[in-house]
Amino acid sequence: MSFSDLGLSEKVLAAVAATGYTTPTPIQEQAIPHVLARKDVLGIAQTGTGKTAAFVLPMLTILEKGRARARMPRTLILEPTRELAAQVKENFDRYGAGQKLNVALLIGGVSFGDQDAKLTRGVDVLIATPGRLLDHTERGGLLLTGVELLVIDEADRMLDMGFIPDIERVCKLVPFTRQTLFFTATMPPEIRRITETFLHNPQKVEVSKPATTAVTVTQCQVPAGREAHEKRELLRRLLREAKDLQNAIIFCNRKREVAIVHKSLQKHGFSVGALHGDMDQSARTAALEQFRKGELPLLVASDVAARGLDIPEVSHVFNFDVPHHPDDYVHRVGRTGRAGRTGTAISLVTPLDQKSIVAIEKLIGQSIPRAEGDYEVSADTGEHSDRPRESRGRERSRGGRGKPQRGGRDRERSHEPRVEARPAAETRPAPEARPEREARPAREARPPREARQSSERHGSRQQANPSHVPSIGRPEPRRQREADTEPGDHSHLPAFLLRPVRSPAGA
DNA sequence: AAAAAAC
C-alpha cells in the first residue's frame with residue numbers, strides 16, 4: 001500500500017513524496033479514503049500514529065477546489081492546546097506548500113487583531129483552540145456558517161479539560177450538513193454520547209492503541225527523598241550520569257514546580273528550557289522550538305507537553321514527579337522510544353508515590369524496576385553521598401535492570417579539564433531564557449494570588465528585548481539562595497548540557 | 001493532589 005493508492009491529488013502526493021514518506025500508517029490508510037468520500041469519520045487513535053496527516057492530506061486534496069470567502073472559513077479544526085494547534089498548522093504549511101491556501105491559527109495568548117485581519121481576508125483552514133475561537137465568533141468577526149468540514153481532534157483530552165460544552169456550542173454554529181472528523185484516543189461513555197450527536201453515520205477507524213509503554217523504552221524508578229530540594233539534587237545527578245543522554249523532557253506535576261526546577265537547573269549550568277501553561281505564549285513557542293532544534297537539550301515541562309507534541313527522538317524522559325494518573329505516565333513516557341527507537345524513562349519516586357506507582361504498573365502490565373546503586377539523598381544534610389552505600393537493607397532488588405547503575409563510581413570526567421561551553425561567538429541569549437521570574441524557593445512566602453498570577457502572566461514582558469535578560473549564570477544577589485541552587489561545579493556536565501556562556505561584552 | 005484554555 002502506498003500513498004498513491006488512497007485517492008489523494010497529484011499535488012498532495014508530490015508534497016508527501018518531498019517529505020520522504022512512502023508508506024501510509026494504518027490510520028492514514030484507513031481514514032483517508034473515507035475523508036475523500038466525504039464521509040464522517042470516527043477515528044480512534046493515539047498521537048504518534050500519524051493521525052494528523054490522516055486528516056491534513058485529504059483536506060488538502062478537498063480544498064484544491066473552491067475558494068474562501070471573507071470571515072467564512074471553509075474548514076475548522078479544534079485542538080485542545082495551543083501547541084497542538086500550531087503543530088497542525090505546520091503540517092498544512094509543509095504539505096500545502098504547493099497550494100495557494102490560507103491557513104489561520106486562532107489561539108489565545110497572541111494578538112487578536114492579526115488573527116482578525118487574517119479572517120477578513122478569508123481562510124481555507126482555521127485551526128483553533130476553543131476559547132479564542134468562541135471569542136472571535138462572539139465579537140462577530142467570524143462566521144462558521146460556511147464550514148464544510150469540521151475536525152475535532154483529541155476529543156477525550158478536550159473532555160478531560162472541560163471543553164466539551166465549548167465544542168457543543170461550536171457544533172451549533174457550523175452547518176448541520178458539514179462533514180465531521182472526530183478523533184479520540186479512548187472511548188469513555190461521555191465521548192460515546194457526543195459522537196452520537198456530532199457524527200452522522202460515521203465510518204469507524206481504529207488502530208490498536210499502545211495502552212502501554214513501548215518495548216523499546218527502558219523504564220526505572222529511583223527512590224527519592226520527599227523534599228523537593230533533595231529531588232532536584234537527585235535529578236542533577238541522574239542527568240549527569242545518564243547513559244547516552246541526547247535530550248530529555250523532565251516532567252513535573254505542577255506549573256510552579258516546573259518553574260522551580262527549570263530555574264534550579266539553569267543555576268547549575270544546565271542548558272534547559274521550560275514549558276507550562278502559565279508562561280507567556282512567545283516563551284512557550286520559543287522553548288519548544290529551541291528544544292526541537294536541539295539548541296536546548298533539556299526541557300522541564302508540565303503535562304502540556306505530555307501528549308501529542310511532535311518532538312522527535314527524545315532519548316530520556318524524567319518524571320521529576322510521578323504523575324497521579326497512570327494514563328499520564330503512559331503519555332509522558334511515550335515521548336521517548338518512538339518509532340522503534342530506544343529510550344529511557346526514569347521516575348523519581350518518593351514514599352508518597354507508592355500508590356501511583358502501583359496503579360501505573362497495573363496499567364502498563366509490568367513492574368518498573370528500581371534502579372540499583374544509591375541515588376538517595378541523606379536526610380540530615382540534604383547533601384548526597386557520592387559513594388554508593390553498600391547494601392542499605394532496603395528491598396530494592398526487584399528487576400534491577402535500571403539504567404543508572406553506576407552510582408558514584410564513574411567519575412573519570414571529573415578529572416578532565418573543566419568543560420568549556422560553546423564558543424561565545426555562536427551564543428546568543430535565548431529569546432526565552434528565564435520565563436520564571438516568580439520562581440522562588442519553596443520556603444519563601446508567596447505573594448497574594450492575584451499578584452502572583454499577574455506576575456506569571458505578564459512577567460515575561462521584558463523578555464521581548466533580549467538585552468534586558470539578566471546576566472545568566474550569576475545568582476541574583478538579593479535573593480536568598482537555596483543550598484541546592486548554589487551555582488557550583490559544572491565539571492561533571494557533558495559540554496552539550498551546559499548552558500552557553502554569554503560574552504560579557506555582549507558582542 | 002494538576003494541567004489545560006479567553007479576555
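Note: hydrogens, waters and symmetry copies are ignored here, and every other heavy atom, side chains too, is used. Computed from a prediction, not measured in an experiment: that's the story for all the values here.
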| Short side-chain N/O contact from A:R82 to OP1 or OP2 of B:dA6, under 4.0 Å | yes

| message | What is the distance, to the nearest angstrom, from the NE2 atom on A:H325 to the C1' atom on B:dA4? | response | 13 Å

| said: Tell me the interatomic distance from A:N319, atom CG, to B:dA1, atom P, rounded to whole angstroms. | reply: 21 Å

| Just how far, in rounded Å, is P of B:dA5 from CD1 of A:I107? | 9 Å

| task | Using the closest heavy atom to pick a nucleotide of DNA chain B for each, name whichever of A:D160 or A:R169 lands nearer the 5' end. | result | A:D160

| query | Roughly how many Å is it from CG in A:L352 to P in B:dA1, rounded to a whole number? | reply | 13 Å

| Should A:R178 and A:E148 count as an ion pair when the cut-off is N to O under 4.0 Å? | no

| message | Students often get this wrong, so: under 4.0 angstrom with heavy atoms, is A:F163 touching a base, only sugar-phosphate, or nothing? | response | base

| query | Does A:S302 place a side-chain N or O at less than 4.0 Å from the phosphate oxygens OP1/OP2 of B:dA4? | reply | yes

| said: If you only use heavy atoms from C-beta on, which nucleotide in B:dA2, B:dA5, B:dA3 is closest to the side chain of A:K255? | reply: B:dA3

| field | Heavy-atom side-chain proximity of A:V333 to A:I364 below 4.5 angstrom | value | no

| said: Using a heavy-atom cut-off of 4.0 Å across all strands, would you classify A:D166 as base, sugar-phosphate, or nothing? | reply: nothing

| said: Let's see if you can work this out: which of B:dA2, B:dA6, B:dA4 has an atom nearest to the side-chain heavy atoms of A:M161? | reply: B:dA4

| remark: Taken to the nearest whole Å, CG/A:L84 to C1'/B:dA4 is 11 Å

| query | Between B:dA5 atom C1' and A:F112 atom CZ, what is the distance in whole Å? | reply | 15 Å

| query | Counting side-chain heavy atoms from C-beta on, which of B:dA2, B:dA6, B:dA4 comes nearest to A:R284? | reply | B:dA4

| Could one point to a donor on the side chain of A:H324 or the base of B:dA1 with an acceptor on the other under 3.5 Å away? | yes

| query | A:G109 near the nucleic acid: base, sugar-phosphate alone, or nothing, with a heavy-atom cut-off under 4.0 Å? | reply | sugar-phosphate

| message | Between P on B:dA1 and CD1 on A:I357, what's the gap in Å once rounded to a whole number? | response | 20 Å

| remark: Taken to the nearest whole Å, CG/A:D303 to P/B:dA5 is 12 Å

| said: Does any part of the side chain of A:V41, heavy atoms only, come nearer than 4.5 Å to the side chain of A:F55, both counted from C-beta? | reply: no

| Using a cut-off of less than 4.0 Å, is there contact between a side-chain N or O of A:R256 and OP1 or OP2 of B:dA1? | no

| Is the Lys NZ or Arg CZ of A:R139 less than 6.0 Å from the centre of A:F112's six-membered ring, within 45° of the axis? | yes

| message | Can you tell whether the side chains of A:D93 and A:K89 come within less than 4.0 Å, N to carboxylate O? | response | yes

